[in-house]
Protein chains: 2
Amino acid sequence: MNSKPSKSYHHGNLRKALLEAAELELIEKGVEKFSLRGVAKRAGVSHAAPAPHFGDVTGLLSALASVSFKRFAQAMQSSSDAVEDNHPEKSKAKLVAIGMGYIKYASEHSDMFDLQFSSERIDPSKAFLEKLSSNSYDVLEAHVQAVLQLDDRKLEDEPDAAPMMWATTHGLASLFARRKRNGGPQGQELQDAFERILWRTANAI
Amino acid sequence: MNSKPSKSYHHGNLRKALLEAAELELIEKGVEKFSLRGVAKRAGVSHAAPAPHFGDVTGLLSALASVSFKRFAQAMQSSSDAVEDNHPEKSKAKLVAIGMGYIKYASEHSDMFDLQFSSERIDPSKAFLEKLSSNSYDVLEAHVQAVLQLDDRKLEDEPDAAPMMWATTHGLASLFARRKRNGGPQGQELQDAFERILWRTANAI
DNA sequence: CAAATATCTTTACACTGTCAAGTTAAATCT
DNA sequence: AGATTTAACTTGACAGTGTAAAGATATTTG
């Protein structure tokens, strides 16, 4: 009757609880001061309880990074979907929206974003992370392809287009995330500037 | 007579020795597993010896990051200087060279690069780091200015130009540094692609 | 209902950064 | 120059970390 694959147990569903506790720990302490024992304490279990579920701290953080990757791809996708169908430059607008979703996620969830892209405490070579990472890239690449098709070009003809768009977007996102971490300015003007830059880049591919 | 501000002492010049040991430690262990006691051991001193010179581990790593920032700006500058004076598109070629120097540094010294830009173990709000960081940016901005002047434009007229160039460059550099960390491909073709992308971006500002 | 298995706790260990109190050498001051 | 202050370094201690091993407990399996 209980159709969901419940790991029911002493605790009920510790794996999920640990992931939620880990996210809180990450937000409050940052990647560097993130502590496995702190997570266990938040979840109300002993410090060695996470081991059966995640192995070591890298395993837990990698699992958390995969949660983040899914939300990240989702954020890009829904940002793209929010572009109206009758937009005069629909394809490019969608590509820019992808970029803005990318940047918005980096700024609103800078800790999760940093965990994904620049933490040594995860293992990016884990298969599920490589898969999710390339999935995220594919979202952007698909939109680049749509833009190229406006001029009857293909991805194979323009192998630099998607990396260029990605690099600019990622650079802006890193810049924004760092700004936020260091308490720098992050107002609407900055967002507008980023959008203009993305437009320029979309027009240059 | 001894004109240099020698901190001569028991050890001779422990501050310098610690910085060199710290760089080795960083390269071998990575930012995350970098250990203050490991550095002290390398330098042949007790584990608390670094304290008088650097305070805590953040102080030592911040000092190391400032060493890296200086080399980084130097690498960009000399990469720009290597462009011949009679180059047909000298200004743009220099700007691209700046970017390639940026990327080359990130790829050849990925640990130091990551330390500068994405480690929580340094304190980027330290005055000397903010200074060096903005100095590095100024090198790039100055070259953007030179490119804009080709069309009688000014930095104030094009406030997005320098951030755009920086974002693309930084995005490519992060991508490259990560590739290297994860053992991905990093051949000449990739370098060529990056250079083409930088040219496109330089032409789009 | 017994046996096996997976989850969780407890205990232990090596390691970390940092603080406080000594020790030693260099610099400063009459 | 000799005493005193100051700075560099050592030693010892402490709380905290991750992880491995062994024991307890409940769930699943046979």
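Any value given below was found using the heavy atoms of this structure, including those in side chains, with hydrogens, waters and symmetry copies removed.
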Can you check whether A/H53 has a side-chain N or O nearer than 4.0 Å to OP1 or OP2 of C/dC8?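 The answer is yes; a side-chain N or O of A/H53 sits under 4.0 Å from OP1 or OP2.
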Given the side-chain rings of A/F113 and A/H109, with only the six-membered ring counted for Trp, is the space between their centroids under 6.0 Å?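 No - the distance between ring centres of A/F113 and A/H109 does not fall below the 6.0 Å cut-off.
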Base versus backbone protein contacts along nucleotides 10-19 of chain C [heavy-atom cut-off under 4.0 Å; B, S, -]: BBB---SBB-
Could you tell me how far apart B/L14 (CG) and C/dA25 (P) are, to the nearest whole angstrom?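 My rounded result for the distance is 16 Å.
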Protein-nucleotide distance (B/N13, atom CG; C/dA25, atom P), rounded to Å: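 To the nearest whole Å, that distance equals 19 Å.
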Side-chain H-bond candidate by donor/acceptor type, B/S136 with B/Y102, under 3.5 Å: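 No pair is found: no donor N or O on one side chain lies under 3.5 Å from an acceptor on the other.
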Between A/H170 and A/F117, how do the two ring planes meet: parallel, tilted or perpendicular, split at 30° and 60°?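 Taking A/F117 first and then A/H170, their aromatic rings stand perpendicular (interplane angle over 60°).
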Among B/H143, B/K154, B/E156, B/E158, find the residue that satisfies the side-chain contact (heavy atoms from CB on, under 4.5 Å) test when tested with B/L148.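 It is B/E158; the other options fail the test.
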Who are the salt bridge (charged side-chain N to carboxylate O under 4.0 Å, His left out) partners of B/R196, not counting sequence neighbours?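 Testing B/R196 for salt bridge (charged side-chain N to carboxylate O under 4.0 Å, His left out), a comparison that skips the adjacent residues, returns A/D160.
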